Amino acid sequence: GALALKEHLKTDLEGKGIPCKDFGTNTLDSCDYPDFAAPAAQAVASGECEKGIVLCTTGIGVSMVANKVKGIRCALCHEPYSAEMTRRHNDANVLAMGAGVTGPNLAERIVDAFLNTEFEGGRHQRRVDKLMALED
């Protein structure tokens with residue numbers, strides 16, 4: 001449900017000099033989103049990738065999958081403000097979006113906010129630490 005958006009965002013990011021690792025899918029055939037979102041999240045959790053973007057029709061399923069991977073803080077965002085704030089306050093390392101909800105131009109702005117916003121730390125670090133402790 002998000003192949004066209006994935007290809008659009010890859011082209012946009014690569015045009016900005018940002019390398020992308022594509023975990024699929026590469027066809028319009030029906031597929032199971034965990035088969036693609038899990039390896040993407042695992043690449044972030046392992047440090048192979050600094051941040052990740054996972055996509056499906058709504059963004060809901062891929063965000064659930066990504067958040068099952070230890071070390072991942074995935075946020076489903078539909079506009080740039082949420083993408084900025086999840087980086088600033090939650091140190092999110094994976095962004096989820098839904099191609100049926102977010103068009104390509106808005107998705108570019110959301111991705112830019114996500115990739116270009118730094119974590120503030122401070123009191124927010126304490127909260128992130130408490131969040132991550134729930135995995136143990």
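The structure presented is a predicted model; accordingly, all values stated were derived computationally and were not measured.
- Cluster annotation: V69 is not connected to M64 through the hydrophobic network of ILVMFWY side chains, with a link wherever side-chain heavy atoms come within less than 4.5 Å.
- When all heavy atoms are compared, the tightest approach of C74 to A96 is SG-CB, 3.7 Å.
- When side chains are defined from C-beta on, E50 does not count as touching N93, because their heavy atoms never get closer than 4.5 Å.
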Does the side-chain contact (heavy atoms from CB on, under 4.5 Å) test come out yes or no for L95 and V54, once each step is laid out? CA-CA 6 Å; L95 169 66; V54 291; over 6 Å; no

Quick one: side chains of residues 128-136, donor-acceptor pairs under 3.5 Å with protein atoms, not counting sequence neighbours, listed by atom name and distance.
| unit_1 | atom_1 | unit_2 | atom_2 | d |
| --- | --- | --- | --- | --- |
| D129 | OD1 | Q125 | NE2 | 2.7 |
| E135 | OE1 | G71 | N | 3.1 |
| E135 | OE2 | G71 | N | 2.9 |
| D136 | OD1 | K70 | NZ | 3.0 |

Please lay out, stage by stage, how N116 and E84 fare under the test side-chain contact (heavy atoms from CB on, under 4.5 Å). CA-CA 8 Å; N116 295 314; E84 174 188 342; over 6 Å; no

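- A side chain to side chain donor-acceptor pair (under 3.5 Å) check over residues 94-114, counting only residues at least two apart or in different chains, returns the pairs H8-E108, K16-D112.
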Under 3.5 Å, which donor-acceptor pairs do the side chains of residues 27-35 form with other protein atoms, sequence neighbours left out?
| unit_1 | atom_1 | unit_2 | atom_2 | d |
| --- | --- | --- | --- | --- |
| T27 | OG1 | D29 | N | 3.2 |

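- Under the 4.5 Å side-chain heavy-atom criterion for grouping Ile, Leu, Val, Met, Phe, Trp and Tyr, F36 is not connected to I60 through any hydrophobic cluster.
- Within a 6.0 Å radius of CE in M85, more than 12 heavy atoms belonging to other residues, nucleotides or ligands are found.
- Listed by first and then second residue, the side chain to side chain donor-acceptor pair (under 3.5 Å) pairs that reach into residues 54-67 come to none, sequence neighbours excluded.
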Trace of the side-chain contact (heavy atoms from CB on, under 4.5 Å) decision for D91 with R73: CA-CA 7 Å; D91 198 18; R73 291 173 305 284; 3.4 Å; yes

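- Transitive grouping of hydrophobic side chains (ILVMFWY, heavy atoms separated by less than 4.5 Å) brings I53 and L106 into a common cluster.
- The main-chain N or O of A92 is found under 3.5 Å from a side-chain atom of R87 such that the two form a donor-acceptor pair.
- Sparse packing is recorded around NZ of K68, with 12 or fewer heavy atoms of other residues, nucleotides or ligands lying under 6.0 Å away.
- Hydrophobic clustering (ILVMFWY, side-chain heavy atoms < 4.5 Å, transitive): L55 and F114 are in one cluster.
- Put simply, the side chain of K10 never gets that close to the backbone of K21: no donor and acceptor are under 3.5 Å apart.
- In plain terms, the two heavy atoms of I110 and M97 that are nearest each other are CG2-SD, 3.6 Å.
- Side-chain heavy atoms closer than 4.5 Å link hydrophobic residues (I, L, V, M, F, W, Y) into clusters, and following such links, even through other members, never connects V62 to L3.
- To the nearest 0.5 Å, the span separating NZ on K6 from CG on D22 amounts to 3.5 Å.
- For the pair T86 and A75, the tightest heavy-atom approach, listed with the atom from each and the gap, is OG1-CB, 3.3 Å.
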Listed pairs under 3.5 Å, donor-acceptor, residues 117-124 side chains, sequence neighbours left out:
| unit_1 | atom_1 | unit_2 | atom_2 | d |
| --- | --- | --- | --- | --- |
| T117 | OG1 | A113 | O | 2.6 |
| E120 | OE1 | H124 | NE2 | 3.4 |
| E120 | OE2 | R88 | NH1 | 3.4 |
| H124 | NE2 | H89 | NE2 | 3.4 |

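- Looking at E14 and C20, their side chains come closer than 4.5 Å, going by heavy atoms from C-beta outward.
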Please list every donor-acceptor pair under 3.5 Å in which a side-chain atom of residues 37-47 meets a protein atom from a residue at least two apart or in another chain.
| unit_1 | atom_1 | unit_2 | atom_2 | d |
| --- | --- | --- | --- | --- |
| S46 | OG | Q42 | O | 3.3 |
| S46 | OG | A43 | O | 3.2 |
| S46 | OG | E48 | N | 3.3 |

